[in-house]
Amino acid sequence: MNHWLLKSEPGTFSIDDLAAAPRRSTAWDGVRNYQARNTLRDSMKKGDTAFFYHSSCEIPGIAGIVRIVKQGYPDKSAFDPKDAHYDPESDESDPRWYTVDVQLVRKLKRLITLDELRKHAHKELSDFVVLRRGNRLSVTPVSKAEWQFVLSLE
DNA sequence: GCCAACGTTGGC
DNA sequence: GCCAACGTTGGC
């Protein structure tokens with residue numbers, strides 16, 4: 001069972017939006033980056049768990065835990081001209097973009113802030129991808145040790 | 001294949 | 001709103 005970190009802007013879709021969604025589940029669609037696409041399509045497996053990270057907001061940080069409930073399948077939002085993430089070059093017969101379905105496992109008891117994570121950037125979290133300078137990937141792997149350490153902060 | 005221009009991300 | 005980082009695009 002692997003672990004991941006998924007970024008979302010809470011102004012667009014927050015952990016509370018997920019909690020309020022039917023079956024507390026949603027398609028993680030709209031990702032338009034090839035490296036993240038590859039992860040969504042090839043690496044994330046049903047049953048894997050991921051941190052739900054709030055980015056581009058007042059207090060960035062890890063807000064909750066989600067589980068992959070449906071693994072890689074074509075992202076239909078790319079075919080919809082009205083969708084903000086429409087990609088005319090993604091063909092239905094050869095989809096360019098992929099998504100997974102995630103379901104909320106639970107919100108963390110408190111937000112584990114980016115500030116707090118950074119305090120461990122030179123030790124337990126020295127390889128934590130989300131702390132890397134200039135990291136812009138919206139889907140990143142989390143090692144088992146990192147996963148457990150972050151939860152120990154809770 | 002190189003690289004400048006441009007667009008997006010995301011913390012501050 | 002600013003700006004650094006970095007992915008993508010397109011001319012050559």
Side-chain angles (χ1 to χ4, degrees), chain A residues 2-21 26-44 48-66 68 71-102 104-143 145-147 149-154:
Chain A
N2 289 310
H3 303 296
W4 309 94
L5 181 143
L6 300 172
K7 289 183 192 170
S8 185
E9 300 185 18
T12 304
F13 190 81
S14 72
I15 190 103
D16 290 323
D17 293 326
L18 180 58
T26 190
W28 205 262
D29 57 11
V31 174
R32 298 291 179 267
N33 168 283
Y34 288 104
Q35 196 177 339
R37 184 278 310 268
N38 293 346
T39 304
L40 288 167
R41 186 189 57 192
D42 306 330
S43 305
M44 297 178 84
D48 285 356
T49 47
F51 288 133
F52 190 115
Y53 178 89
H54 281 172
S55 68
S56 291
C57 57
E58 197 173 346
I59 308 175
I62 294 171
I65 299 171
V66 301
I68 312 309
Q71 66 192 53
Y73 65 99
D75 180 349
K76 292 193 211 62
S77 72
F79 307 136
D80 177 3
K82 294 195 183 64
D83 193 281
H85 301 284
Y86 173 58
D87 180 358
E89 300 192 55
S90 182
D91 191 301
E92 301 225 22
S93 66
D94 182 22
R96 175 178 291 190
W97 305 112
Y98 280 72
T99 185
V100 299
D101 286 356
V102 303
L104 182 66
V105 174
R106 65 179 179 89
K107 286 176 71 170
L108 296 189
K109 298 186 194 90
R110 62 184 187 84
L111 186 75
I112 311 284
T113 65
L114 178 60
D115 258 5
E116 182 172 358
L117 294 170
R118 283 226 177 90
K119 289 180 184 149
H120 308 281
H122 294 291
K123 204 170 172 210
E124 291 91 345
L125 298 179
S126 57
D127 294 319
F128 203 43
V129 182
V130 82
L131 297 180
R132 272 190 215 147
R133 237 167 88 79
N135 167 57
R136 295 164 46 197
L137 266 185
S138 62
V139 180
T140 54
V142 174
S143 75
E146 289 162 348
W147 181 268
F149 180 76
V150 169
L151 288 180
S152 79
L153 297 173
E154 185 184 11

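Lettering follows sequence order; numbering is per chain, from 1.
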Hey, are A/Asp75 and A/Arg32 close enough for a salt bridge, meaning a charged N less than 4.0 Å from a carboxylate O? yes
Identify all pairs in which a protein N or O lies below 3.5 Å from an N or O of nucleotides 9-12 of chain B, and state each distance.
| residue | atom | partner | partner atom | Å |
| --- | --- | --- | --- | --- |
| B/dG10 | OP1 | A/Lys7 | NZ | 2.8 |
| B/dG10 | OP1 | A/Arg136 | O | 3.2 |
| B/dG11 | OP1 | A/Tyr53 | OH | 2.7 |
| B/dG11 | OP2 | A/Ser56 | N | 2.9 |
| B/dC12 | OP1 | A/Arg118 | NH1 | 2.8 |

Name all residues meeting the side-chain contact (heavy atoms from CB on, under 4.5 Å) criterion together with A/Leu153; count only those two or more places apart in sequence or in a different chain, and write none if there are none. A/Arg110, A/Ile112, A/Glu116, A/Leu117, A/His120, A/Phe149
Residues forming a side-chain contact (heavy atoms from CB on, under 4.5 Å) with A/Glu89, sequence neighbours excluded: A/Asp87, A/Arg96
Does the side chain to side chain contact (heavy atoms under 4.5 Å, CB included) test come out yes or no for A/Val130 and A/Val142, once each step is laid out? CA-CA 9 Å; A/Val130 82; A/Val142 174; over 6 Å; no
Quick check on A/Glu154: does its CD atom have over 12 non-hydrogen neighbours (other residues, nucleotides or ligands) under 6.0 Å away? yes
How many Å lie between CG on A/Asp87 and P on B/dG7, as a whole number? 17 Å
